[in-house]
Amino acid sequence: MKPLLIGGQWIETAQAVPNVNPSDTKDIIDHYAQGGRAEAQAAVRAAADAAPGWAHSTPQERHDLLARVAADLMARAEEIGTLLSREEGKIRAEGIAEATRAARIFDFFAGEALRAGGELLPSVRPDIEVAITHEPVGPVALITPWNFPIAIPAWKTAPALAFGNPVILKPAELVPGCAWVLAEVLQNAGCPPGVFNLVMGEGSVVGAALLAAPEVKAVSFTGSVPTGQRIAAASVPMNRKVQLEMGGKNPLVVLDDADLERATDVALDGAFFSTGQRCTASSRIIVTEGIHGRFVELLAEKVRGLKVGPALDPASQIGPVVDRTQLDQDLRYIDIARREGGNLRAGGNMVRCATPGYFLAPTLISDTDPAMTINREEVFGPVASVIRVRDYEEALHVANDTPFGLSAGICTTSLKHAQHFRRHAQAGMVFVNLPTAGVDYHVPFGGTKGSSFGPREQGAHARAFYTQVKTSYVFGG
Ligand code: ADP
C-alpha cells in the first residue's frame, strides 16, 4: 500500500483502493491508502504546527528545497511520465512532457523564493516610510483534478512552499500515483515535517474535512463548477482565500484568410491532444463560410488519421478516456449532438485495442448551432463541434456566447482581426494561430467569467494568492 504523508510520517490506512490503468483495466498500478476525516484533520494540525517555522525559514532554505525537488523530478521525468500515462491515459510523450514541466515549475519557484521582495514608498507625510511586504497566508489546502496529475499539484505546491505556506494536497481519486511520487520527492529532498502533507481520499470526505477546518487559510482548487462553488460557499464565511479554476467551453475561430494547413493543425492539437481532456481544449470551432467547407473536409481527414491506442504504445497519438464515467459522458454528449442535428464527420465510436480500455475515436461534429447542448456544456473528452458563421463579427459574438471564459483562439492572417480578437475575446488567455491549450509554465494561467475565481496561477503572478500584503509605517524624523 502507498501510504499518506502526514507530519513527515508515512501513514497506512485500514482501507486501500486500486489505481486502475485506463489503457488496460486488468492492470492495477498499485493500491493507495484512503484517508478519511480523521486523517484530513491530522494533516491540517500538522500543517498548522509547521506554519510558523516555515513562514520564518530563510529564502535560501526554501530555494534549496524547491531546487532539490526540481532536480529530482527532472531526473525522474521518464519514470514519472510513464506512471502518469499509465494512470491517466495520456500518451507517454505527453506524460514525460508534463513531468518535465513539473520540474521546471519547481525550478522557477525556487528562484521566486529569493525574489519575494516588497516595496518601499515615501509617505505623503514628512519623514515617514511605508513598507509593503508579502507575508505567507498560512496552511493551504490544494484540491486537484485528474487530468494533469503532476503539473497541477506542482503548480500549486511550488508557489505555496516558495512563499512560506505549508500544504495539504488532496489529489483526485483517479490519479493518486503522481501525487504520491511528488510527496516522496519532497520527503527525500528534506522537506520539514508537516510542511507538505498528502491525503488521498474522496472529495466528499477528505475535501469536505479540509474545507471545514478553520486552520486552512487558503484553498486552491481545480475541477468542476459545482465543486468550485461548494468550496467558495464553505470558505467565504471563514474569510478564507479561494482560488478556483473550473470549466471551459473554449472557442477557436477560423477566418477565411487563415492558412488552412496551420488552422487544421491548430484545431487538431487544441481539440484532441491529451484525449481532449484539458480545460483549455478547443471545443467549439467557429468557422467563417468562405473556408468552412475546405476546413471541415481537411480537419475531418486529419482527425480520422489519428491513431488511438494504449498510452504506453509508442504508435499511439491519442490515449484512452480516463474512466468509464467520463467515457459514458462523452458518448452521451455525442448522442445528444447528433439528435439535436449535428453531422458526425469523424469518430463517434469506440476503438478496439488489444487491451481492455476506454478507447474513444476522436469525434468531430459539424453543422452545429450555438444553442445546441454540445456548444453549451463542457464535454471534457476528444469531442469538438463546428459552428458555421458569416463573418468575423458573428464569429466573435458566438465565441463570447458562453458562461465560461478560460481560453480563446483565432486563426487568421489579418493583423486587424487578430488584434481586435485579443482585445475583445472574453477569456483569460488568448491564442493567435496557436492551439487554445498549451500555456507556458512561467506566465499566468486562468480565466474570466464562470471559469475562474481569484488571482491567477503560475508565474510571478502566483504570489498574489499565496501571500497577504502588509503595509507598515516607520517614522524616522
Ligand atoms: P471532476 O468532475 O473533474 O472529477 P471534481 O470537481 O469532482 O471534478 O473533482 C476535482 C477535485 O475536487 C477532486 O480532487 C475531488 O476529489 C475534489 N472534490 C470533489 N467533491 C468535493 C467536495 N465536496 N469538497 C471538496 N473537494 C471535492
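Start at 1 and go down the list; that is how both ligands and their atoms are numbered. These numbers come from the heavy atoms of this one structure, side chains and all, not from hydrogens, waters or symmetry mates. Numbers for residues simply follow the sequence, beginning at 1. Just so it is clear, the structure is predicted and the values come from calculations on it, not from any experiment.
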Taking atom 22 (C) of ligand 1 as the point of reference, which of G203, A179, G207 owns the nearest heavy atom? G203
All pairs passing side-chain hydrogen bond (donor to acceptor under 3.5 Å, both in side chains) where residues 350-359 contributes a residue, at least two apart: none
Check whether Q187 reaches the backbone of G8 with its side chain - one donor and one acceptor, N or O, closer than 3.5 Å. yes
Are the side chain of Q34 and the backbone N or O of V17 linked by a donor-acceptor pair below 3.5 Å? no
Sequence-distant partners of P145, side chain to side chain contact (heavy atoms under 4.5 Å, CB included), two or more places apart: N147, I152, T222
Note: F380, heavy atoms under 4.0 Å from ligand 1, region reported as neither
For ligand 1, which part of P226 has a heavy atom less than 4.0 Å away: the side chain, the backbone, both, or neither? neither
So, 4.0 Å and heavy atoms of W146: is ligand 1 close enough to count as a contact? yes
A234: heavy atom below 4.0 Å from ligand 1, yes or no? no
Taking atom CD of E12 as the centre, report whether more than 12 heavy atoms of other residues, nucleotides or ligands fall under 6.0 Å from it. yes
Ligand 1 to T144 polar contact by distance, N or O atoms, under 3.5 Å: yes
Less than 3.5 Å between some nitrogen or oxygen of T222 and one of ligand 1, yes or no? no
Does the side chain of T436 come under 3.5 Å of the side chain of N250 through a donor N or O and an acceptor N or O? no
For a quick check under 3.5 Å, do K249 and T402 share a side-chain donor-acceptor pair by atom type? no
Distance under 4.0 Å to a non-hydrogen atom of P171: what atoms of ligand 1 satisfy this? 14 (O)
So the atoms of ligand 1 within less than 4.0 Å of a heavy atom of A208 turn out to be 24 (N), 25 (C)
Close aromatic pair by centroid cut-off 6.0 Å: W54 and F196: no
Within the structure, does at least one protein heavy atom fall under 4.0 Å of atom 18 (N) of ligand 1? yes
Considering only protein heavy atoms, which is closest to [atom], and at what distance to one decimal place?
atom: atom 16 (O) of ligand 1; answer: K170 NZ, 2.6 Å
atom: atom 20 (N) of ligand 1; answer: T227 CG2, 3.7 Å
atom: atom 23 (N) of ligand 1; answer: R230 NH1, 3.3 Å
atom: atom 8 (O) of ligand 1; answer: S224 N, 3.5 Å

What do the steps show when you test R86 against S23 for side chain to side chain donor-acceptor pair (under 3.5 Å), and what is the final call? CA-CA 7 Å; R86 206 170 147 209; S23 299; over 6 Å; no
